[in-house]
Amino acid sequence: MMYEFKFPDVGEGVHEGTILEIKVSPGDKVEAGDVLAIVETDKVTAEIPSSKDGVIVKFGFEEGDSIEVGETLAYIDLGGSKELSEPPSGSDKNASSSVEENANVVGELDLGDGSIMASSQEGFDNKPKRELSSVNKKVLATPLARKIARDNNVDITEIIGTGPAGRVTKKNLMEVINSSPSTQNVAKVNIPLASDTVIPLSKLRQTISKNMTESSQIPSAVVHEEIFFDKIVDLRKQVNETIDAKISYLPIIIKALSFALRKYPEFNATFNAEKQIVTQHIAINIGIAMDNGGGLFVPVINNTDTQRIEHISNNIKSYIDKVSNNKIEISEMRGGTFTVSNYGVEGGLFASPLILPPQVAILGIGRVNKRPVVINDEIKAGHVLPVSLVIDHRVIDGAAAGKFLTYLRMLLENPHILMMEMV
Amino acid sequence: MKKYDVIVLGGGPGGYIAAIEASTLGKKVAIIEKDKMGGVCLNKGCIPTKALLKSAHSIHHLKEMEELGINVTLESLSPSKAVDRASKISSDISKGVDYLMKKHNIDVFRGVGKVDSRNSVTVDGKGYGYENLIISTGAHYKTFPGLEHDGDKIIGAWEALKLKDLPESIAIIGAGAIGVEFAYFWNAFGVEVHIFEIQKHLLPLEDTDSSKEVERAYKKLGIKLHLGVENISASSNGTGVTINVVEKGKDKDYNFDLSLLAVGMTGNINNLGLEEVGIETERGFISVNSNSQTNIPNIYAIGDVTGKMLLAHVASYQGTIAAKHIAGQSFQELNTLNVPGCTYCYPQVASIGYRERDLIEKKISYKTSKVPFRTNGKAVASNETSGFVKILLGDDGELLGAHIVGENATELIHEYVLFKTMEGIDEDLLATIHPHPTLGEWLHEAFLEIKRDSK
């Protein structure tokens, strides 16, 4: 009996993805849980596991194709008769539960039951899947507009239509294409110079681009500070002599930061601009911005104020690993109340990173460097940690930012006080 | 002074449709008309001419009867009966419009309306207030030096409609739709007809292929064409009219019993109080924006008086735009490229969008095909083989222009109008099954031919 395995909803409002890799071939025997393909969405790169045991008959898509939630990714022969028939309702339930079991692999799976598990009569139709997707999507658009959107790599779902019944028309499309330099470049890549490299943005990058634009709308202000770091440098050296898994400075900084957030809860908050409400959170969950070359991810460590520094350190290391292997999950990036951007590891002293809405602040951490410092009116060589605190100026004022930084500096310059704060 | 949300000045296809729309949208509406409801279209234009053309075309059908196995002889022709019939149809339909006004609770004021101020009008001196005014006063026949009506031997189309005693020869000046339609009618009723036109082709606003097809048909009918002439002038000479032209470089005189001037229209903008109120006009028409507003925001103008495509269906559409705009509703703007044009001579001409020469001039890349009806089974079986379907497709497969010439052209164009308005592409039309055997199949065939050619 033929089973149509459809691209499941991986949550977070993800509608579609790009197939990066197909892991099995027609004729392969698979078991429920075996990874069928790796799909990149605009939030995350996910492994898609099979929900059934069976033999792969064929794939509905190729590597590099775009696939939408609900479209048939693979046809699996479950055994028995080779006729295409509706899977009996019993097996639907089994399918749902086995997919749920694998929820941890792809993060939270919202099962829109009917749309994913409903059987289809389509079978082996050779209709190009692109046309099908334009029928399934509820975007009202004229055929001409759709064609132009396809030809120019424009997402038609994002265009406001002014045609009859709100249809997207050619006119609407041309306004977008003619005003948007990036789509123009992508579409009209005529004769790039031999040495130019033309890179259309990946879905992930496009989302990052969108999010950054949103972030930049926040009226923000930045306050820079330098923290004398000699004592922490020594502290870390001592700590690392006693443990196996060495820690970096970051977990220590995060610990101090957590106490600062506890003392100044207005920084550990989220702002709903529409409703004009600031919510100060009890939990202190710090996100750490990480880059893996393909995109920016911000995995979150929960309750950093009550976690052991070593635990924070292990979390950071595990996240770094996951991000660099593109295995980070959406659930691991949720629930942050504050974010740090540790660009100093790569280089740079002071910066003004962009706040992640709806958070109200972000701390940039620069490069620990040794330079002349003044101690007791004498110039000595000392370590300095540059930090930059960016605040949402709608809800936090400069004076508050100054106080926050002063407190953070005090904790890090006086580790004994930091210790006294420990729970 | 009685006040209205909307007052409409002029009860033609622009005005009365605007009034109905405004009333439907909840406005208190009044309409002013000095003559009969329905305007030129109903009383002196579209409708009566189509009635006359039905008579004319039937005469030609009669001539083909023998081929179809029917032996019949034409006894006599009665042009006055045809004219009376056309008149009766006009007045019946006009009464229908009167009824529509009542049904929609629209007050009708019979008399000469004038714009008094930016919130009032007068009708034969009596004042009425308005929040919004829609001017739909239409247009009248243009004259030029040397080409002026005298009401006797040199007449306009409105008088031509009433012509019951047909003379032996008539000169028609102007080969637009009006001139060409009257030529067909009079020729069918046995009049010697000559058409004079300064442009190189009949129906100069149509695609050149369409013009040529009608010219061929008219030559066969015995209508004499003087195209591309210069310096036309008409003067009464006692018994008839003398037409003086420069034809092929030579100065020539032609004598006819009667002459019809059909050389263009100009907006009815005089004696309406427009200048006093400050409404801007340009070259004889009232200027409007895409909301059909004049330079004064609460005063709108629609139809022939705006000079935008002198067509009844455009007037009606502008009327609905004005009414919707007044009521704060959204609407689709008028896109002149999606407006069809029809000429009812035989063979009929129907077109929409660009002409081929427009695309060449604008350097727009296109593909074209022209499929003649003589290869269409139904056309041959029905003995209606004149004409063709010609289309112009853009690079994305969209319809840039379509031109149909033939017996039923004006009833075939609708599919293309819908297609173009909905921004269909060639794949859509190719996937549409057209019934066989019909003339309409050729609407599909034209697309198929382009697809075949591109392989």
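Just so it is clear, the structure is predicted and the values come from calculations on it, not from any experiment. The sequence lines fix the lettering, A, B, ..., with proteins before strands; numbering per chain opens at 1.
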Worksheet entry | Residues B/E449 and B/K390 bridged, charged N to O under 4.0 Å | no
Worksheet item: B/D428 versus chain A, heavy atoms under 4.5 Å apart: side chain, backbone, both or neither?
Response: side chain
Count the heavy atoms belonging to other residues, nucleotides or ligands that lie under 6.0 Å from [atom1] of [X], then report whether that count exceeds 12.
{"X": "A/E62", "atom1": "CD", "answer": "no"}
{"X": "B/M309", "atom1": "CE", "answer": "yes"}
{"X": "B/K367", "atom1": "NZ", "answer": "no"}

Fill in: Between A/G163, A/P143, A/A145, the one whose heavy-atom pairs under 4.5 Å with chain B are most numerous
A/P143
Fill in: Contact class of A/K147 relative to chain B, heavy atoms under 4.5 angstrom
side chain
